[in-house]
Amino acid sequence: MSRNIVLAAAQLGPIQKAEGRDVAVGRMVRLMEKAHQRGVNVVVFPELALTTFFPRWYEEDIAVADHWYETSMPSNATAPLFEAAKKYGIGMHLGYAEKTPDGRRFNTAIYVHPTGEIVLKYRKVHLPGHKEFDPIRKVQHLEKRYFEVGDLGFPVIRAPIAGTEANIGMLICNDRRWPEAWRVLGLQQVEVVMLGYNTPSLNMDNRGFEAHHLRVEHSHLSVRSGCYQNSCFGVATAKGGTEDGHELFGHSIIVNPQGEIMAQATSWGDELITAECNLDDTKLGRSTIFNFAAHRRTEAYGRILEQTGSVAPATWTPKG
Ligand code: CDT
């Protein structure tokens with residue numbers, strides 16, 4: 001049985017604060033049409049794909065920000081995406097802000113089967129930024145204000161895709177920088193990691209200099225090493241371009257289990273990049289250098305779970 005599937009990153013250009021979901025959804029449906037023309041089986045949209053990256057805007061009263069969240073999925077606004085997935089027989093990964101019936105808020109991603117059924121849901125664990133207005137920052141990054149830490153762990157599920165089955169998992173944006181998150185997916189034999197991101201071109205922390213080109217480099221480095229060290233494919237899809245004066249760096253990529261970039265976006269706008277992926281290519285790493293059962297040494301990894309922040313090491317001083 002062929003285990004070849006065609007994966008796509010559907011990068012989105014900027015979505016302005018004043019633009020409604022209909023604008024974003026219309027653009028996303030056009031990318032789905034393009035995906036269909038190119039024989040794509042799975043399309044991965046970015047983090048918080050339906051709106052501008054609203055955590056850059058401070059609201060004293062969080063309820064004032066409620067209009068950025070989805071309270072149901074699908075909804076009237078997102079129904080065209082589900083219809084397009086069904087019409088074209090394409091699986092779809094979608095990132096959005098979720099508000100639950102009991103009022104909890106999460107930065108969420110779902111994977112939707114072409115039938116419209118939600119196969120897998122993930123809620124972002126590594127929320128960057130801060131909770132209160134930070135006067136030192138040039139631009140706010142208030143994910144800790146607008147979202148709770150995800151409560152679903154890092155789930156992986158085996159699901160039918162294009163006549164085969166694939167083990168799929170998800171990360172969201174900042175999660176990609178944390179090897180622990182990738183490893184929890186790898187320990188469940190993940191074959192395809194889908195992840196969306198919104199990353200500013202500039203470090204707005206204002207606490208030191210970081211060269212622009214290294215921002216992209218660090219993103220790619222994280223995804224490439226995550227894929228290599230866990231023997232999986234990765235589809236990392238950006239929002240790019242300038243949202244209300246704030247630049248996001250784009251550079252979406254699809255990566256193979258060797259850590260090689262198979263496809264990369266070259267614009268900062270709406271752009272579909274694709275790659276044909278043989279899921280059996282995940283077997284080499286998993287059965288050799290990253291054969292976890294043979295080579296992992298959990299007895300030496302205690303600190304990973306026992307400790308959160310780093311501690312200073314003991315100091316060596318010469319006896320003589
Ligand atoms: N959305 C997201 O997680 N962005 C972060 C940048 C945070 S800067 C405070 C990222 O890791 O790309």
Side-chain angles (χ1 to χ4, degrees), residues 9 11-15 17 24 44-58 65 68-69 93-98 105-109 122-150 152 154 170-182 193-227 234-253 255 264-265 268:
Q11 177 173 291
L12 289 174
I15 302 171
K17 199 178 179 188
V44 177
F45 287 115
E47 173 192 36
L48 303 177
L50 302 168
T51 67
T52 193
F53 186 72
F54 68 87
R56 68 168 72 90
W57 306 108
Y58 177 80
W68 298 119
Y69 296 81
H93 164 284
L94 177 66
Y96 63 99
E98 175 190 13
R105 296 171 173 84
F106 296 100
N107 186 340
T108 296
Y122 168 67
R123 291 171 171 157
K124 185 173 183 177
V125 168
H126 297 96
L127 298 174
H130 45 107
K131 194 166 186 160
E132 302 303 332
F133 186 86
D134 181 351
I136 294 179
R137 289 186 64 91
K138 289 190 234 164
V139 180
Q140 302 299 300
H141 193 109
L142 292 151
E143 285 196 61
K144 284 188 163 72
R145 183 175 194 81
Y146 290 121
F147 304 116
E148 285 181 45
V149 171
L152 302 175
F154 295 98
M170 298 182 229
L171 299 173
I172 300 179
C173 197
N174 189 264
D175 286 325
R176 73 193 184 287
R177 305 183 195 274
W178 299 90
E180 301 91 325
W182 286 93
V193 174
M194 306 176 191
L195 80 95
Y197 63 95
N198 281 272
T199 305
S201 299
L202 295 172
N203 185 334
M204 294 297 178
D205 243 325
N206 225 10
R207 289 174 172 87
F209 176 72
E210 189 180 16
H212 304 186
H213 70 283
L214 292 180
R215 305 273 295 166
V216 174
E217 183 70 15
H218 293 157
S219 176
H220 286 185
L221 187 64
S222 302
V223 177
R224 294 181 62 194
S225 55
C227 288
V235 184
T237 308
K239 197 127 53 69
T242 305
E243 289 188 341
D244 296 296
H246 306 294
E247 194 180 283
L248 301 165
F249 66 52
H251 282 84
S252 304
I253 47 173
V255 174
Q264 179 172 321
W268 279 9

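The structure presented is a predicted model; accordingly, all values stated were derived computationally and were not measured. What's counted below: heavy atoms across the whole structure, side chains too, no hydrogens, waters or symmetry copies. Indexing begins at 1, ligand by ligand and atom by atom, following the structure's order.
Residues forming a side-chain hydrogen bond (donor to acceptor under 3.5 Å, both in side chains) with D244 (at least two apart in sequence, or on another chain): none. Every residue meeting the side-chain hydrogen bond (donor to acceptor under 3.5 Å, both in side chains) condition with E247, not counting sequence neighbours, appears here in chain and number order: S201. Taking R176 as the reference, nothing meets the salt bridge (Lys or Arg N to Asp or Glu O under 4.0 Å) condition, with sequence neighbours excluded.
Ring geometry for F54 versus Y146: interplanar angle over 60°, hence perpendicular rather than tilted (30 to 60°). In this structure, F133 and Y58 have perpendicular ring planes: the angle between them is above 60°, well past the 30° mark.
Remark: R215 is not positioned above the aromatic ring of F249, lacking an NZ or CZ atom under 6.0 angstrom from the ring centre and at most 45 degrees off the axis.
Protein residues having a heavy atom under 4.0 Å from any atom of ligand 1 are E47, F53, K124, P128, H141, E143, C173, N174, R176, R177, N198, T199, listed by chain and number.
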